[in-house]
Each structure stands twice: as structure tokens, then as C-alpha cells.
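Reading through the C-alpha cells given below for one structure.
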Amino acid sequence: MLTVSLRHALPGFGLDVQFEAPPGVTVLFGRSGTGKTTVIQAVAGLLRPDQGRVALDSELLFDTTQRHWLPPHKRRMGYVFQEGRLFPHLTVRQNLAFGQWFAPRDAKRESLDRVVELLGIGPLLQRRPGLLSGGEKQRVALGRALLSAPRMILADEPLSALDEARKAEILPYFERLRDEIGIPMLYVSHSAAEVARLATTVVVLQDGKVQRQGTAAEVLGDTAVMPAGVRAAGALLEARVASHHNDGLTELDAGGVLLFLPQIAKAVGSVVRVRISAHEVILSRQPPEGLSALNILPGTIEHVRTGGGPGAMVSLQTPAGRVLARVTRRSAQALGLEAGVECFAVVKTVSIAPEDIGGGG
Amino acid sequence: MLTVSLRHALPGFGLDVQFEAPPGVTVLFGRSGTGKTTVIQAVAGLLRPDQGRVALDSELLFDTTQRHWLPPHKRRMGYVFQEGRLFPHLTVRQNLAFGQWFAPRDAKRESLDRVVELLGIGPLLQRRPGLLSGGEKQRVALGRALLSAPRMILADEPLSALDEARKAEILPYFERLRDEIGIPMLYVSHSAAEVARLATTVVVLQDGKVQRQGTAAEVLGDTAVMPAGVRAAGALLEARVASHHNDGLTELDAGGVLLFLPQIAKAVGSVVRVRISAHEVILSRQPPEGLSALNILPGTIEHVRTGGGPGAMVSLQTPAGRVLARVTRRSAQALGLEAGVECFAVVKTVSIAPEDIGGGG
Amino acid sequence: AASTKTALDEAAAAYMAETGRAAVLSYAGSPALARQIQLGAPADVFISANPGWMDVLQQDRLIVPASRLDLLTNRLVLIAHGAGAAPLDLETADLGALLGESRLAMALVDAVPAGIYGKAALAALGQWPSVASKTAQAANVRAALVLVASGEAPMGVVYATDAAAGSNVTVVAVFPQDSHPPVIYPAAAISSGNAAEAQTFLNYLRSPVARGIFLRHGFGVSDP
Amino acid sequence: MNAEAAWLGPEEWQAVMLSLRVSLWATLAALPLAVFVAYALARWQFPGKQLLNSLVHLPLILPPVVTGYLLLMVFGTKGPVGGALQQIGIVFAFRWTGAALAAGIMAFPLMVRAIRLSVEAVDPKLEQAAATLGASRALCFATVTLPMILPGLIAGTVLGFAKAMGEFGATITFVSSIPGQTQTLPSAIYTFLQVPGGESAALRLTLVSIAIALIALLLSELLARRVADRAGGR
Amino acid sequence: MNAEAAWLGPEEWQAVMLSLRVSLWATLAALPLAVFVAYALARWQFPGKQLLNSLVHLPLILPPVVTGYLLLMVFGTKGPVGGALQQIGIVFAFRWTGAALAAGIMAFPLMVRAIRLSVEAVDPKLEQAAATLGASRALCFATVTLPMILPGLIAGTVLGFAKAMGEFGATITFVSSIPGQTQTLPSAIYTFLQVPGGESAALRLTLVSIAIALIALLLSELLARRVADRAGGR
Ligand SMILES: Nc1ncnc2c1ncn2[C@@H]1O[C@H](COP(=O)(O)OP(=O)(O)OP(=O)(O)O)[C@@H](O)[C@H]1O
Ligand SMILES: Nc1ncnc2c1ncn2[C@@H]1O[C@H](COP(=O)(O)OP(=O)(O)OP(=O)(O)O)[C@@H](O)[C@H]1O
Ligand SMILES: [Mg+2]
Ligand SMILES: [Mg+2]
């Protein structure tokens, strides 16, 4: 576990954060300029904060009261920089190998070939970074960090320069890092989908302070804090893989409710989590029939929240867990949606995006 | 209109593209490393292609057969670089003003104050670029290009470093550039939402070649080419604002069909376009009742396409235009969906994301 | 002194041929050599173009006083640019007027022997007041010669040995010997050096063979 | 050093002021040319590039006395260039301007090298960005390249100035040593060192010379730091 | 130049070889120290930084003759340092090592300046990146900083070498001009210029000296271009 407590003043900007990052992925979420990179830099040892203490498990990285300071090269943090920072005088291959040169002999290592293949950078190995495209640079930077046998990954928006298809390919790799290798990560992201898929814990920063910290489910379900606004709100359900069907669908069991999703490459019995965006849920008072949507969750309305806008956020308790639905105020009135009312949540199978389905973290 | 015809060989990469960018926004779409930045650089005059010709309206920018070459500073292209390229020795304010120093006296200019406010960079004006966060840098770079009174904007993934909320704020600005100022744009993007909202024309690049070119509606509706995969597929409908309602909804008239959307800040009578993602459409054989979804479009199935996966893409001819719906093969069979069948498309009001609604381009 | 190089090299070669012993010669300006000796240079013999520096070493007891001798002498001449310049009478000519706007090339008049001697000679001849402000003072005689040879200065004061070999210059007058202190190149053995070796070499330099060599190069040799 | 010794005689003061004048002019006059040559060597490919490069380095390679002779041959009143310039009233021979020319030429390679290194360190991508914003080549240079090479420019200038202050061999050979005209500090120091007992005077002048150069050095460091601060913490 | 004139006498050859040896040793021995000092001046803040900086520049500021005398006083056999070193068998006075010392000291400021400019141009962010990848300070320097300052290193080395080849005033003052021991090319040229009729020999040696330095210059440019190519089109 990483415990972070920092206080640092920059001209025109003050940082004051405390949070704990339990094993798994902790996503730092927040608007541009709220101090995400600054926090990561302090953890990596590239910034010496005015006051604070950072510890990884039992090891103290620094503590200003004890005047303890571990220099960055002893911290073994795999830092993926927001701007790449590839070494211009080395080839891509040498950049990738750079961290390996200094890694302790006995550290667990990823194999170069595997990482190269995953990131699709095989054809670039002999090039110099100056000749790479934006996305190529970022992929190499990611590979370099992964190959340095780090004890922890610090990833500063690692995917933002990548196209959707590439993102979809790389995200599972981060999941595997989290689940199989069990390497802790501090991950900066703007994308609710990435948060939902990767985050064990979410720390929301605003103006240099922690605005909210909690599990991914808690934070994503809280419309008050989601900095990306209501569209990022949604529920996270845990489900077990029940069976795989011939027509390419996977059947999940979520607290007794059956859900159908596009094929998930997980063994029967394994636990996955599914993010259901609030704006993609349709509510119905009667069990709907003759619809192309395959997933119907019965439930009881916990509460209906309305704001100044045309929308209403309906929170529904279902056997699968809490589901959020964002509907118009008009519909909420027309259907008589209010606390205690029973109704059905309709979710299309294909509206659950692949990046919204992840292994349970 | 910009006409582009380029052929250029780089070690390990060959570019060979021809396309025309009619007035409005032409989005270059394609995976990482397919040559998008290379094309933009040639248009800007930063790369001298082996062969080719680029003309903006009646003015020839270069033509290798005529040995004509207009140097970059005479082209007046507002280039937003993928990596910022701010001048480190100038303050943010000086960076912003840089292009203004050299702009012709009589050029249409944006006001500094307006751009600063729009981009939310007021507090940064006295800073040096070295001290900005990643997103802040990109916003300043955007402002700098906008303020140089360009004849055309070349934007290389200008929004990818920005958070969702900031993106949502800046996108309308690009729309206004397109619609009100009428400045043509060549815009690189990975995001289908951005494409749908901004693009007049989409040019899809793959491995240095044009894979497909067409209007946004054509390309987004074509599942075969969308590089981001099926999730990016969707229909673009044109609609007129019919009325604004008290409860925050706007009523649109799309070929006689009424659509309800969250408030759109457009006058009654103006034309907007609405992107409806295929994966968010539910199909029903009977007119559905008792659902929270407000928009129901009747139509006739044109065709149903299935691939190897669990999904099927249903193309529906409605009075409002063609609507795409992505459903599971299982549902398609259960509901008996096939060409010629009449059915209803159900679309939630709130599932249409704000960035998917744009002024008609 | 560097200006004696050709002659001394020849003498050393003859010494080598005769005795089979090599003399290693290091040429530099007198002040540099004198200071090097003061600070422990491993030399046996010092030959200087400037008696003043020899006096300093003698005061510091760095040379063997008994071995000191005046090895060579030289004459001071007035040269002019060009091959066939007309001779000039130093007693009657008005050097200042002849120079006009141009300059008289000399070695540094307060620092380098040739300059010091030249200034004294011009003063004795009553010419100094009119040329004092028209001197171009070079770092050494050779540089002064170059200034005249190149035509940059129409006239200059140099040693006879330099003038003889200089192209594009003509000796237009020889300064009377009594108009300036004698131009003497003293030599002496260095006390910390090999005294016997030094004395042998010094003796050889006074031998008829060596004297012949020096005379051939235009130097005068003081009587033994 | 007692008070009397520290006091400089009028002729010595003259030498100090002259040296300052000569060095300042030499450096300032050489600077624009040095910037141009450094930029050309760093950024352009042209025939004769290596020749130019070699020519620039010559004064460093040659013994200063030889440089002085060459200057005399070329820029003397009888020389091809010097003769021509004399027609239009520019004379170097035996003038302080000649001393400045010699000092400038000796300082030139140092200035060019420092500036060239700085130019090479400027990312051409920034110049490209300026071009897309409408800056012509010359304006690009003035608004982006020049401000960014300031550290190298300062380093080159102070190196050049220091070299000019210390230059002696080429100067005395070219324009000899005329008090008030061409007798710079190093010439004066040399003169004192030629005569027995002149050491203390030489030391005095040496200290003055050191003081001047160190003040210039300190000023340049201060300036460079301000420039670096201006360019921000990267 | 006819064949006979081009031919160098044995003593002249000696001077050529000696100059090469002296300059090579001077440059190579000064290089590591120059890199260290340049790095320290570019990156660290420490008390006495300005003093060190001034000290480094001194040989540039002082007339070479003065530098030579100072060397003689400090490193001569009677000098404090020279005397101590003599105890352990290291002698500079009147040896070729002394000529190398003088040349090295004269070349030092030029080397430091060039290298320092290069160090200042290396983005510390890259060194930070190396640190997060596990490279200690020293390894960071060896794997990132050093390769990236190669252009400056080459420039500094060739400047230093050229200066060492041309150095004369300090050398002849410190170690005199002993054929085969301390008579370098510039000393030999100077001596020839002092004697009537020595001009043609001086010219010959000057040409040799120019040729050597220009070959070094060309090699360095080739090397620098290769290094730049390796670092790619940015
Ligand atoms: N050295 C500095 N001096 C002054 N202000 C600084 C400095 N470094 C960063 N800042 C400011 O601190 C704030 C936080 O910066 P930081 O880079 O941590 O933001 P961020 O959350 O990573 O933003 P983004 O998502 O845009 O990358 C920004 O407003 C930035 O301008
Ligand atoms: N100077 C060069 N030499 C060799 N290859 C180059 C050079 N410049 C670019 N490339 C290669 O050309 C291809 C296209 O590059 P480009 O920058 O245009 O891609 P892109 O479409 O902008 O990608 P991204 O979305 O990742 O920014 C890439 O594979 C890149 O590595
Ligand atoms: Mg950041
Ligand atoms: Mg690109």
C-alpha cells in the first residue's frame, strides 16, 4: 500500500493531499491543472515537496519530518511520463532496454519480446525516437517503464495519445499487470471508461486538494463529484461468468439476475465487473417485451435526484447491485418514478462497451 | 477548398494520398502511425514531399511539377502541433500574441481576451510554458494558432490531452469557427464523437493511403472502415429545432419525426445534426409503451449485416433519415429482423451525448 | 638570445664535430631565460643579448663571475624600405621631417636592448625629440625589421646583423659607436650547472673557428 | 601592494583605457559576424563550408606572431585589403583600430564556437512553429533563435572579450606598441617584463587586467542566469 | 614551395612530433577534468562557484607570458607544487610534460566553455527519466548526459587541441625551447622568425601546423556529424 501525504507550494498553485493507495490501481482523476502530475512527481522523487511523507508498504520513500529522502533511482517506480521523455540518442530498442540495465538481477521482469508485441512497436525497434509519431512515442515510453522491473507503476495519462483500437488492446494489459502480476499502480486518467475498468480506488483531485476518495464504484456512482459530469456516472456491477454461448454471447450471473454480454475471454466461474453507464439505462414500469435489449433487471427505486437540468438520476436497487439510470424529468414524471416504486432497468447487450468490462479488481 | 495530392517516401513508411477538403472541417482519421501528422506537415509547408500538389482555393501552395513552393510563413496556416511546441523563452501571453505580430493588418482577428477566456488560461498569462501542466500547454498552443489570423486551421489531436469537461467547453468553439467564421480546418482525431460533431468530411487513412473518404454521415455509418471499430458506428441525422420546452428539453423535427433532446442553445428553426450511436439504439417490433425513452422512430429495415461476432448491424430507413442499430444476433433472430420488416427504433433522450449534437456543418 | 640562433647553431655543430660532445641550445628572449635560470633551469651556460639580465644573475650569484665574458658585439643601423634607398647623414638629416606622418620602427625603446640603444643613439644625435612621438615600437628587432620590409614604416633602427639578411631594406646609415652604449652579448657559466663542461664550451666559443663563424654572420667579436 | 604601487601612472591608465576600448570594439564588431557565421555553420549546407570553418579556426591554430604578420601583409597600408580601405579613409596600421582588428580576429573562433553550439541546441521544431505563425526566416531568427541562443551569445562574448583583453602577440606584431595608440595592457605588461625589476609594475597591470576581465565574467554570469530564469524551469 | 623546401630537417620533424605529443596529451588529460568542471558549473550550486569559474578563465585573460611565469613559479622545481611533485618523481620543468601542462592549462577554458554550453542544453527532464528507470547519478551521467553532450565534447576537444597546437607564449616562458624536449612547433617558428633568413623555414612549419590542425578539425566535424545523425532528426 502506498500512503501519500504532501504539502507543496508553487507560485500560483498549492498542493495539499493525503490519500492511501491500496494494492491495485489507484486512479488520480481531475481536471487539467489540478496537480495530478505534481503528486506523481513527488511519489517518483522528482519533486521534493515542502512537507510530507510517502511510504510504499513498509518502506519509507521520504519523510520531511525525519529528513528521510530516497533518491529516485532507488525507488524503482516505472514512470510513464505525460510527454514521453524518450532518450533521443538511443534507438527504440535501447530506450526499451534502458531500465533493464539497472534493474536488480532478481527482480521479476517482463520479457522484451512480449512487451514489444503487445505494444505493436516491433517495426520501430531500430528507429530513433525523433522519427516516431505521437502515438508511437507514447507506446515506447510505456514499454520502457514496464520493462524496468518496477515495484510500482506511475502512469500519467498513458493512453491519451492512442487511438481507440490501440487503447482497447492495451487496457487488458494493464489489467493483467494489476491482477496477475499484482503490481500497484498510480494512474492519471481523464476517461471514465478507463477509471471504471482499471481503478480499484479513485482519488479525485480538485485545485490541489483531494475532493473525494473511494472505490471506483462509489466514486463513479456519485454524480456530485464526477468531474467529467453526469455522462461519466454509472454503476459497477460484479458478476460471475455463468456460461459462454455459441452465438458469441457470454452469460453472467449478477446476484441471480442473468446478463448477456458480448463474449468475455474469462473462464466460467471467474468474476468480472461491468460498468453500466447511467445514460444507457432505460426504465420501464412493466416487464418490457419484444425489445431487442436482452438484459432486464428488476429493482426498487431508492431515490430520484433532479437538478436544474432536464435530467433526473434514478438509483435502483436490484439483486445485481445498485444500478443508476439517467432519464429526463419528463419521463420520470410520466412514468411516476419515485422512491419505493418497482420498475425494470433495460440494458442493451452491445451498449456495454468492451472497455467497460474488466476483470474484478 | 483544399486539394491535396501527396507522395512521399520515408524510411520504412510510404505516403500516397489524394483528397479534397471542401469548406468546413475535414477530419483525418486513422490509427497511430498511419501518416496523419505527415500529411498535415506537408500542407503546412514543414515537409517537402517528394511529389505532389496542394492548393487552397485558387492559391497554389506547392506543386512539385511546377517547382512551386510557398514557404510556411506565407501560407498562414494555424497549426496546432501534437506536442505543443510552445516557445520556452516567452510567457504564455507572448506565446499567444506571437502570431498576431506577423498577421497581415487587415486579417480577421480573434480577440485575445475572448480566446483566453474560452480556453480558461487567464491565470497562466504571466507564466512560462515550462511550468504548465500537460493540458494547459495544449490549450495555450490552441490559442496561439487561433490568434494568428490563419486562413486555415491544422489541428493535430488538439483535444486529446484535455479532460472531458474542458473538451465539452472547447468543441463548440471549433464549431463556431467552422460555422460562423467559416474557416476551413484539417483536424486529426481519434474520437468518433469529435468526428461526428465537427466533421464535414472524413478522410480515413491507413498505412499512408486514403482508405475511405466521404461525408461524416457516410463514413460513420460504414462499419467496414471505421478504424475505431463498431462502437464508433452511428447515424447522423439532420433536424430542425422545433421548440424549446420548460422542462429543459428541446424538441426537434427530423423529417416529420419528433425528437426530444436536452436543451440545445440554438434558435428555433436552426438546423442541427445529431449523432445516434448504433449501439445505443433499441429496436422493437411493436410501438413500445411505458418506457422512459422519449424518442421513437418508425422505419423499415434496409438490411441486416452480421459478421463473425455476436452482433448484427441493422440499417433502418426512417423519415428522419437512415438510423443504424447494433443488436445481438440473438435478438435479431428472436425479433425476426430482416430486410423489409417494419420496426421502431428507441433512443433515449439523454443517451445522446452533448458532444454528439452539433450545429449543422 | 634568439637572434644569435643561426650563428650559434653553426658553432655548436662545429663543437660537436671537434669534441664529440653535443651542446643543446635553447633559444628564447633574455628575460625568459634569465627567469628560468633564477627558478632552477638545468642549464650550464647563459648567453644573453642584454647585459642587464646578466648583471641580475650575477648579483643573485647564479653565474660564475669569473667565467663571464663579452662574447659578441653588434652595430646599430638605420634602415629604409626598398632596395636602393639613398644613404643618409645622421648628423645633418632631420629624421622627424623625413618621417612626416609615418613612423620609425624600433624595438621597445624602454625594454628591449636594441630599442634602448637606439633611443640613446638618437638622443645623442639630437634626433630623439623630433622622432619620439613617431616611433612604432615592436616587440623585438626582427619585428621592427618586418615593419620596414613591408613598407609599413619607411625607416627603422635595427642591428646590422638583421639588416644584412633582410630583403627589401637598405642600410642608409650606421650609428656611430659612441652614440650609444656598446651592443654586447655577454656569456657566462651558470653556478648550478656543470662547471667544467660549461667552461669548455665557453672556451670553444672563443676559439678561432667559432670567431670565424660569428664574423661571417656579421657579429663583431670582442678581443679575448 | 602598497598604496603608491597600486596607483597607476598616466601612461598605464592610458593602456587600461585603450585595452578596454579595443576589447569592447573588437567584441562588439565581431559579434554580428560571429552570429552569422555560427548560424551558417550550424544550420546550412553549402559548398566551401569546411573551408569557412577552417578559416575561422586559423587564428587559434597559428602562433599569434604569425597571425600578426599575416594581418600586416593583408591589412597593412601596403596590403591588398588595407590599401583599398585606405582609399576610403579606413586605416588599421599603427592605429587602435588595428589593435581592435587583431583582437577581434583572435577572439573570433572562440565566439563562433560558443554560439554555434547554442544554435545547434535550438530545436528546429520551434523555428518551424514560428514559421507556421507567419514569421519569415529573418523574423524567426530574431524572435525565436536569437533569444534562445542568448546564453551561448553571452558565453561567446565574454570569452571573446577575455581573449581580446589578453591578446598580445598578434597585436604587437601588427600595430606595434605606441603609447596611447596601440599600447594595450598586455603590451605594457610585456614591456615591463623585459627589463630587470619591472615585475612589480607588471604585476600591478596584470591585476588590473584580471579585475576587468573578472568583472566582465561576473556580469556575464549574472546576465546568463537572468536569461536562463526567463526561459523558465523548462 | 619546392620539394626541397617542403622537406623538413630532423630538428623540425622533432618539433612536429613533439607538438603532436604535447597537444594530444594536453587535450586528453584536460578533457575529463574539463567535463567535470563544466558539469559542476552548469548544474550545481556551491560556494566558490564564481571563484572556480574565474580561475578557469584566468589563462584566457592573462597574457600568455604571465601565465608562463606563474607556471614557472608554481610548477618549477623551486616552486611549491613543482617541488613537492619532484619528490614523487614528477617533473614538469623543462620537460615535454611541462609543455603539455602549459598547453593544457591554456586550452582548458575553451574546453570548459564548450562543454558547459552543451551540458546546459541537455534537458534535465531526460536525466530525471533515467533516474526513475534506476540509473544512479553517475550512471545517469554516463548513459544520458555524456552521450548527449558529445557534440560539445568534440567541439571543446578540437578547440583545445587547436589552441594547444598554437600555444607559444606560456610554453616558452615556462619550459623554454629545448630541441627535442620542449621546442614545439610554435617555439620553432618563433625562433626561426628571430633570425635573419629564417622566414622560409618558419613558413614551412606554419603550413605543417595548419595542416595538422585542419585535419583535426575535419575529423572532428565528421565525428560530430555522425553523432548528430545518430541522435536522429530530432
Ligand atoms: N514549477 C511550477 N511553478 C509554478 N506552477 C507550477 C509549476 N509546476 C506546475 N505548476 C502549476 O501547478 C498546477 C498543477 O500542475 P500539474 O502538472 O500537476 O497538473 P495536472 O493535474 O497534471 O494537469 P494536466 O491534466 O493538464 O496534465 C498547474 O496549474 C501548473 O501550472
Ligand atoms: N523522418 C521520418 N523518418 C522515418 N519515418 C518517419 C519519419 N517521420 C515519421 N515517420 C514514420 O511515418 C509514420 C507516420 O507518421 P505520422 O507522424 O504521420 O503518424 P500519425 O498518423 O500522426 O500517428 P499518431 O496518431 O501516432 O500521431 C510513422 O510510422 C512514423 O514512425
Ligand atoms: Mg499532468
Ligand atoms: Mg501524429
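Reminder, nothing fancy here: chain letters follow the sequence lines and each chain counts from 1.
Using a 4.5 Å cut-off between heavy atoms, A:Pro123 makes no contact with chain B at all. Only the side chain of B:Glu157 comes within contact range of chain A, with heavy atoms under 4.5 Å apart. Only the side chain of A:Ser133 has a heavy atom closer than 4.5 Å to any heavy atom of chain B. For A:Val346, the part sitting under 4.5 Å from any heavy atom of chain B is the side chain, from C-beta outward, and nothing else. Only the side chain of A:Gln82 comes within less than 4.5 Å of a heavy atom of chain B; its backbone N, CA, C and O stay farther away.
The structure places CG of B:Leu159 at 7.0 Å from CG of B:Leu142, a figure rounded to the nearest 0.5 Å. Note that CZ of B:Arg285 is 10.0 Å distant from CZ of B:Phe344, once rounded to the nearest 0.5 Å.
B:Leu86 places a side-chain heavy atom less than 4.5 Å from the side chain of B:Lys137.
Between chain A and the options B:Glu83, B:Lys36, B:Arg139, heavy-atom pairs under 4.5 Å are most frequent for B:Arg139.
Scanning residues 330-338 of chain A against chain B with a 4.5 Å heavy-atom cutoff picks out A:Arg330, A:Ser331, A:Leu335, ordered by number.
For the residue pair B:Asp207/B:Thr34, the side-chain donor-acceptor check at 3.5 Å is not satisfied.
With hydrogens and angles ignored, the 3.5 Å screen pairs a side-chain donor or acceptor of A:Asn295 with a backbone N or O of A:Phe260.
Checking each of B:Leu154, B:Ile40, B:Asp156 against B:Leu28 for a side chain to side chain contact (heavy atoms under 4.5 Å, CB included) leaves exactly one that passes, namely B:Ile40.
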